[in-house]
Every structure is written in C-alpha cells, then in structure tokens.
Amino acid sequence: MRTIVLALLLVAACGPTTSTSTSSSTSSVEAQTAAQIQPTWDAAKAQAVLERTQRLHLAPSLSGLTAGERTAVTELIAAGERMNRMYMAQRHPDALRAADWIAAHPDRAAERDLFRMNIGPIATTLDNTREAFLSVPAETPARNMYPQGTTKERMDAFLAAHPNRRADILDDRTVVWEATDANRQRALSTLDLHLVLDALHPGLREKLRTDQTYLAVPYSVAFAEDILFIVEKLNAAAAAVESGDPAFARYLRLRGRDLLADDYEGGDAAWVRGHFTGNLNAQIGAYETYDDALYGVKTFFSLSLLQRDTARSRELQSALQDIQLVEDALPYQNHREVRSDIPVGVYNIIADFGQARGTNTATILPNEAYLARQYGRTILMRGNILLNNDIFQETHRAFAAAVIDAQGNDLTAEGGFYRTLWHEIGHYLGVDLTANGRDLDVALEDTADLLEEMKADLVSLTSARILNQRGKLTAAQLRSIYASGIRRVLQKNRPRREQPYQTMQLIQWNWFLDKGALKFENGRLRIDYAAYPAAVESLLREVLTIQRNGNRTAANAFVDRWTTWRPELHEVIAQRMRDSERTRFSLVTYEALDGRQRR
Ligand SMILES: [Zn+2]
C-alpha cells in the first residue's frame, strides 16, 4: 500500500496527464496546494489590462445543423474542453492547479477573465512582458514540455554529445521527461495498461527502459487518459455524422487513430483531400509550435469546431478557377502548374480550444512540407472573426489615424477578408524550391518565413488586380483590398528583427514609400492607387528572385536595407496609430459553451 501511494504522488508531481478521474487519491494533496494559490496583481493592475480588452462573444446560429451534427457538436466540445486542459498543462506546470483555484473562486471575476484570456496563470502586460497574476512560478522557456529548469545551453550540450537522441527529443510530438526511475516506470506502466499505445509505438518500450538522462515520451503516452477520452468522443461524433457526411466521419475516426499513434498523416490526408458534404469541420490535434520558447519544435494541442458558410465557400471555389492566371502573371520565370481544387472554405467558429483559441483570421494546415507536398494544405477562413465588426472598428481606427482624411474610409472589413483569403492561397503560388532544388527553409533558414509571408501578401494584392481585370471584383472592392494591404504593413512599434511578420511588413511599407505608392504629407500618409500595382509587382519580383537564388546572405542584406525606421516618419505614424488604440487584448467567449462564459 505504501508503494502505491508513493507512486501516485510521483504521478501527480511529474505530470501532464490532466484527467481528474485518475487522481482521486491525490486530491487532498492538490486541494492543499490549490489553497495556497493567491492573486498576485492588485486590482488596479488587473483592471488596467482588462480595460484594454475587447470582449467578443461568438454565437453563430446552429439552426442549419442536422440532428446528427448537433450530437457531433456536443461530442467535439467535450473533446475540445479536454484539449484545452491539455494545452494549459503543456504551457505551465501549475496551470491546472490554477484552473482549479479559478473554478473554486467564482467571485474573483478579474482573475477569471485574465485566466480565460491567457489560457493559464501567466498574462501579457501592457508593457508586453509575461507575468504570473496568480502565485505560481514565473514562465520559463521550457514551459512544461521539457524538465523544469532546462536551458537551451544545457540541452544543446546534451544533444551535441548524443546526436542519436536528437530526433526523439526534438520530435514535434514528444514530452521530454527526466530519466528518473519513477518517470520510466510511469511511462512503461502506461504501455502495460494501454496495449494499443504499445502496439502503435514499436521500439518505444526498449527506449524507455534504456535511455539515459532524458526520456522522449510520445504525447499519447504522456497524456494517455486524456487522449483515450478524446478518441472516444471523436468516434462518437463520427457515428453521429456517418450517414450525412461520411467523409467527415472517416476523418474523425482517422484523427482518433492519429492521436493514439502520434502520427497525423492519415487524418491529415482525409482532412485535406476529403470531400465533406455536411455543415461541420474541425481542426483537431497538436500542430503549431509557437508556444515552445526553447526550440520552437513542440506542438501544442488545439481544437477548432467550425460551421461551414456554404454560400461564401462556393463563391471562393469559383474564384479559384482563375488561380493559374494569377500564377502565370507573377513576375518570374518557370511557372508551375497549380491545382484549382485547393481545399478552401469559409467557416464560422462554434468554439475554439487550446492553442487555437483567440482571434486568428485563417488557418492553413498541415505545416509539414512532406504532407503539404503529398496532399496540399486545407485553408480555413474564419468568417466570424474576419468580418467581426468590433475587431474591424479597432483596425479601422488605426488606419484612419495613419492616412489622410479623404482615404480613411477606403478600408472595409470585406477588403480585409479577400486580402487574407488570397494571402493564404498565395502560399500555393510562386517559387517553392530554389533554382538548385533546395527547400526554401533549408536554403534561407531564418529569413525563409519572412520572405514566404511577404510573397503571400504580394501575391494577394496581385490576384486582386487580376480578378478586377476579369470583372470578378469591382473597382471599389479592389480599392478596399489595396487599402487593407496598406493597413497590414503599417506598424505601431518598430519591429524587432526576430519578428518575421512585422519585419516583412516594414519592408513593404518602405518599398511602397520608395516607389511612390505611399506619400508622407503633413504627418499622414497618402495612398497613390495608380502607383500601387507597379510597386507591388517590383517588390514581388525581388522576393521571388531572392527565393529562387536561395542565398541567405543576400536575403539578409535585402532585409537590412529595407528595414529603416525614421523617427520623423515611421514614428510619427506609429504614434498616431497608438493614440487611436482603445483595446489591445481580446477575450473570446462562445455561445456553444453555454451561459457560463457569458457573464
Ligand atoms: Zn501566411
């Protein structure tokens, strides 16, 4: 009995498993420690952040769903809520304890809102720092995905001495544990208990027995109880939509198996290429690596539950018939043949969980180059964010502050929607390999992302011009897309070089000034729409040339040359935009998650 109690305590101490059902024996310990949690910000500090927070409540009408789809929504929400807990556990070792404290203190509205906004006990402050607002340890780059206290120096040294361990330890879907006897035992007993996991990870048992210093534990093993719960929910959702939308049902079942195997190829193929005929879609699993501050390789859990906007999705599919024309119009040689059956749809968010929660405007997945090459990528346009009026008003205030009065109303939400759509499609077009056949990210390394994003921005503006020429966009629509292209590149703060999006936006801003598409007049900017298309084309030609040459030094020289920030120009505009700001953060709640989140 004594050893069993000890083992349970160790499980509680080292662990990402978020299930509450297995931890009943440790609940008194948890309750004790939870009681020690306290708010650490005073009311004024919390209020300062909350006053700058925009509250969005997403409540798409679900009346068009079939009975089976409604059942699937319930099952997928249950899966999503569990993924949300897994995401919290991935990001901070005390996040679930903090979540319990929040749940036990419904009177603490400020802490509850901060916790929801930040999905955990660490908040972004008005000074753009990250701070704990509850009495938990400060955030570390290791988050909860590497042993506490792991530094990059220490891990680099270990990997240099053990290069054969690199692939497992830096795998996108493993948690790194210290190779203690207790951790070893915990992982092995999970395999004993769930033979399906053992069967789907050949060779893992031996590694868990013999690896030294660190164990690379697949997510399905580290989060076994949670994953099994989610698989059950995915299968139940699949059964509910089987008769109405068999391709979606097959995807859900495959994704369940993917989660058990930590290999998403099957589900990704079904997701990207499947012809879903119903009203639902869902992004499910661990994809994005933004939260891994140590190596940027660990993926974090998310689930987005989406309702298709059928009319808008159809409209987009028909616009795609012109995609080859856009490709052929891009200023470079060696055009490729582009498929016109790119899977793109417009959706309204029913609910987002984990890493996907927030105000993302579009998703393009999967990320892995080999999967994208084999199956393509699915593009999910998030309509009730992209066209949300409150979000638009905030971005419009900044635009109107930056440009001359006569052009302040050129920007529309619709313009931003189309610009974003063609940005995502832009990733399918243009140069995808260097002249000597190397992958762009291999050749260009840290500059690859920046150039790829800038290419997509410029392809988007090019396609708007072509669709206008073909009579598919009106002059007013084209102007609003161009205005959105300008709003996109104006910055409220001087970007740091390690911020790829902001850096490439500043490059465009400077290029447009240089080519006369933007003029600085009496502290404001005037857009010259006549000079705009040529400015876009010349910059796109540069970008495609740099990508095709694949020379990282030349790429960096280009970036350095075009990222100047002049106090008497950029800073003047930036200050005007900052002064127009009413909200900086957002707190999104969902009708589908019932009234609890509405208060
Ligand atoms: Zn992009």
Side-chain angles (χ1 to χ4, degrees), residues 18 27-58 81 84-85 87-144 148-149 290-291 293 300 352-355 357-359 390-391 393-394 397-398 492-494 496 499 574-575 577-590 593 595-599:
T18 69
S27 62
S28 65
V29 177
E30 282 179 2
Q32 237 172 33
T33 22
Q36 291 161 8
I37 285 192
Q38 288 166 8
T40 52
W41 285 11
D42 61 30
K45 186 166 180 179
Q47 220 40 52
V49 169
L50 291 169
E51 271 166 16
R52 285 300 193 96
T53 298
Q54 186 169 55
R55 288 163 194 267
L56 304 169
H57 186 67
L58 300 184
E81 287 188 324
N84 205 56
R85 287 180 67 80
Y87 176 66
M88 287 191 232
Q90 284 186 291
R91 288 212 305 170
H92 196 286
D94 287 329
L96 295 180
R97 258 185 350 105
D100 291 345
W101 185 89
I102 294 285
H105 294 79
D107 52 315
R108 304 299 302 233
E111 284 76 19
R112 178 200 63 204
D113 286 351
L114 288 170
F115 195 88
R116 280 185 190 162
M117 284 162 64
N118 295 284
I119 322 182
I122 309 292
T124 303
T125 66
L126 287 169
D127 306 323
N128 204 25
T129 59
R130 304 267 299 155
E131 273 180 35
F133 58 89
L134 297 176
S135 55
V136 298
E139 187 171 66
T140 67
R143 301 295 190 262
N144 200 25
Q148 289 313 296
Y290 309 121
D291 286 296
F300 284 67
D352 282 332
F353 303 91
Q355 189 273 331
R357 186 163 282 183
T359 54
D390 293 333
I391 297 176
Q393 290 307 328
E394 184 68 41
R397 270 192 290 279
K492 286 183 181 171
N493 295 101
R494 181 178 195 166
R496 298 188 306 275
Q499 298 181 295
Q575 183 64 50
M577 291 170 69
R578 289 197 296 268
D579 291 344
S580 80
E581 184 181 87
R582 289 191 202 160
T583 57
R584 187 179 305 178
F585 309 108
S586 54
L587 170 53
V588 188
T589 54
Y590 308 89
L593 304 188
R596 278 177 301 155
Q597 297 206 339
R598 290 201 82 166
R599 294 185 300 144

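The side chain to side chain contact (heavy atoms under 4.5 Å, CB included) check on Asp42 picks up Ala44, Lys45, with sequence neighbours excluded.
Annotation: the span from Leu114 atom CG to Leu50 atom CG amounts to 4.5 Å, rounded to 0.5 Å. Atom CG of Asn144 sits about 11.5 Å away from atom CZ of Arg91, to the nearest 0.5 Å. Rounding to the nearest 0.5 angstrom, the gap separating the CG atom in Asp113 from the CD1 atom in Ile102 is 9.0 Å. The structure places CD1 of Ile119 at 6.0 Å from CZ of Arg357, a figure rounded to the nearest 0.5 Å. Here the NE2 atom belonging to His105 is positioned 9.5 Å from the CD1 atom belonging to Ile37, to the nearest 0.5 angstrom. The CG atom of Asp291 lies 3.5 Å from the OH atom of Tyr87; values are rounded to the nearest 0.5 Å.
The minimum heavy-atom distance linking Ala132 with Thr40 is given by the pair O-OG1, 3.1 Å. Considering all non-hydrogen atoms of both residues, Ala95 and Ala89 come closest at CB-N, 4.5 Å. Contact between Arg584 and Leu126 at its shortest, heavy atoms only, is NH1-O, 2.6 Å. The heavy-atom pair separating Val588 from Gly358 by the smallest distance is CG2-O, 3.8 Å. Smallest separation of non-hydrogen atoms from Phe585 and Thr125: CZ-O, 3.7 Å. Closest of all the heavy-atom pairs between Phe133 and Ala123 is CD2-CB, 3.6 Å.
Side-chain atoms of Asp579 and Gln575, non-hydrogen and from C-beta on, do get closer than 4.5 Å to each other. Counting only heavy atoms from C-beta outward, the side chains of Thr589 and Arg55 never approach each other to under 4.5 Å. Looking at heavy atoms from C-beta onward, Arg130 lies in side-chain contact with Thr124 at the 4.5 angstrom threshold. With contacts defined as side-chain heavy-atom distances shorter than 4.5 Å, the pair His92/Pro137 qualifies. Using a 4.5 Å cut-off on side-chain heavy atoms (C-beta onward), Met117 and Thr53 make contact. With a 4.5 Å cut-off on side-chain heavy atoms, Asp94 and Trp101 do not count as touching.
Ion pairing between Glu581 and Arg578 fails under the 4.0 Å rule for side-chain N and carboxylate O. Classification of Arg143 and Glu139 as a salt-bridged pair holds, one side-chain N sitting under 4.0 Å from a carboxylate O.
In this structure a side-chain-to-backbone donor-acceptor pair under 3.5 Å is present from Gln54 to Asp390.
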Arg52 and Thr583: side-chain hydrogen bond (donor to acceptor under 3.5 Å, both in side chains), yes or no, with the steps? CA-CA 4 Å; Arg52 285 300 193 96; Thr583 57; over 6 Å; no
